[in-house]
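Report on one structure; see the data block that follows.
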Amino acid sequence: MTRAVEIRAPSGETEGTRSQILRWLKRLGESVAENEPLIEIETDKVTVELASPGSGVLREILKQEQEEIAPGELLGRIESGAAAGAAAAAPAIAAAAVVASAAAGTAGAPARRERRAGAGAGELSPAVSRLLRERGLDAAAIRGTGPGGRVTVEDVLRGGTAESREPVPREAAPRGAGADAGETGAREAGAGADAAGEIRRVPHTAVRKRIAEHMVQSLLRTAPHVTTVFEADLAAVLADRSRRREEFARRAVPLTLTAYFVQAAVAAIRAVPEANSRWTDTALEIHEPIHIGVATAVEGTGLLVPVLRDAGSRDLFDIALGLNDLVTRARAGELSPADLRGGTFTISNHGVSGSLLAAPIIINQPQSAILGVGKLEKRPVVVDEGDEEKIVVRPRCYVTLTLDHRVMDGHRANRFLEVLVQTLGAWPA
């Protein structure tokens, strides 16, 4: 006796996000086991695998790759039962015959490469699979450095890129003295295209498209952005970090400067609660919990903002522990949509890539503010020592607060940064 098992899009984790079918991991007529990865779904934030809800044969695919899907939507059906197993047997035998025939007519080395690719494919994470497709690479051609020889994101990035190029269409430039301004422009454009040669087209991923929409929506259609800039002295923070670093390392937790900025941001939010709010047409909604998103650049994906929940109730070690977990999973492509939701304030530590100052940093809607942290540098500073002024070298960085001007005025934004800078500068020894 057979029965149909419905394959439905996840509803809880993807609520409030846009999703599309990235890849079916099985073809029609192929057998599938319960809980075996069946579909890769790309949301506007992360890529997740959907496990098979039952065992049997994939009989129906209702949503094709690259099609958008809604939470809980029916994607396909699996035929389960004895008849399904019998139906799957014939295609399996035929497939085996084809493989045997192909093996007889090909050299041993290519056959070994094909087997290796098939074996490795099941071990690839969603992030690695996506990178391989985007760059046109074969997992079999990449030496994996992960556990058991597994191919990692870093391995793919080192493997180079296969560029898909399209020649720029050339059109004969109009000739003659009667050419108008438009024709002149066409000639100039054609000349520019000839000089540039070929172009490389990189299709937008769902994540990249969503980031673009979010940036435009936040800056141009929602919030009037204003940025205020202060400078922070990190001598006390660096001294404390040097003192605690080995202790944290013994507990397998790296102590980053971001952890200090999170704790200082909590102090500033408590002084200026409206920084931890959202604007509505009828009222300003101030959040009591402090859930801080930390902007994290992920190679091959873009910018993700995993959320450190209840930052206000954490000590420095717990903050460092939570940050390490989120960043590690972000770079491994293992974040869930829930990890990226519910933030009430965001920190962008853009200084880690060398940036001194960024303004404005686009606010992560529906939040009201975002803290930017620039590159740490040794800078000359004039200080008072008794009756004298001296120039000393201090470790300093620029910090910015970009805010929704509907939510707070400049003096409140300055108060936020004042508390932040004071907290960092007077970090207890």
Side-chain angles (χ1 to χ4, degrees), residues 13-14 16-20 22-23 40-49 123-137 139 142 144-147 150-162 202-215 218 254 256-259 261-262 291-309 320-343 346-355 358 361-365 367 370-373 375:
E13 289 191 338
T14 57
T17 66
R18 295 184 184 178
S19 304
Q20 68 178 25
L22 188 61
R23 183 164 67 114
E40 282 185 3
I41 296 175
E42 186 178 52
T43 75
D44 52 26
K45 297 175 180 177
V46 293
T47 299
V48 295
E49 286 184 347
E123 302 172 356
L124 300 177
S125 72
V128 170
S129 300
R130 182 179 64 251
L131 272 179
L132 288 170
R133 286 192 300 276
E134 290 175 352
R135 294 172 179 243
L137 298 175
I142 297 176
T145 61
R150 183 172 181 171
V151 177
T152 68
V153 169
E154 290 74 18
D155 296 331
V156 179
L157 296 175
R158 284 194 296 268
T161 59
V202 180
H204 300 311
T205 64
V207 173
R208 189 72 252 167
K209 286 190 285 188
R210 182 57 177 155
I211 289 173
E213 291 170 4
H214 186 78
M215 296 296 111
S218 179
T256 65
L257 291 178
T258 302
F261 282 103
V262 168
H291 304 315
I292 295 184
V294 180
T296 305
V298 178
E299 194 71 39
T301 297
L303 191 69
L304 300 178
V305 187
V307 177
L308 182 69
R309 303 195 181 280
L321 178 67
L323 288 175
N324 183 56
D325 171 62
L326 290 172
V327 172
T328 299
R329 288 193 291 119
R331 290 175 178 162
E334 296 173 354
L335 290 176
S336 71
D339 292 320
L340 301 161
R341 288 202 300 259
T346 298
I347 296 176
S348 174
N349 191 356
H350 55 85
V352 296
S353 57
S355 169
I361 303 176
I362 309 303
I363 297 169
N364 190 12
Q365 294 298 326
Q367 297 170 23
I370 182 169
L371 175 69
V373 181
K375 179 183 178 182

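What you are looking at is a predicted structure, and each value in this text was computed from that prediction instead of being measured.
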How many angstroms lie between atom CG of N324 and atom OG1 of T258, to the nearest 0.5 angstrom?
-> 11.5 Å
Hey, what do you get for CD1 (I370) to OG (S348), rounding to the nearest 0.5 Å?
-> 5.5 Å
Would you find a donor on one side and an acceptor on the other, under 3.5 Å apart, between the side chain of D339 and the backbone of S336?
-> yes
Measure the CG-CD distance between L22 and E49 for me, rounded to the nearest 0.5 Å.
-> 10.5 Å
Can you name the closest pair of heavy atoms from S218 and Q365 and give their distance?
-> OG-NE2, 3.1 Å
Just how far is it from atom CG of L308 to atom OG1 of T346, taken to the nearest 0.5 Å?
-> 11.5 Å
To the nearest 0.5 angstrom, please state how far the NE2 atom of H291 sits from the CZ atom of R341.
-> 13.0 Å
Please name the pair of heavy atoms, one in A330 and one in T296, separated by the smallest distance, quoted to 0.1 Å.
-> CB-CG2, 4.3 Å
Within-4.5 Å side-chain heavy-atom neighbours: L340 and V307 = no
Does some side-chain heavy atom of V298 sit less than 4.5 Å from a side-chain heavy atom of L303?
-> no
Close side-chain approach of N349 and V294, heavy atoms under 4.5 Å | no
Side chains of I292 and I347 in contact at under 4.5 Å (non-hydrogen atoms) | yes
Specify the closest pair of heavy atoms between S355 and H350, including all atoms of both residues, with the distance to one decimal.
-> OG-ND1, 2.9 Å
Electrostatic pair R329:E334 at N-O distance under 4.0 angstrom | no
Is a donor on one side and an acceptor on the other found under 3.5 Å between the side chain of Q20 and the backbone of I41?
-> no
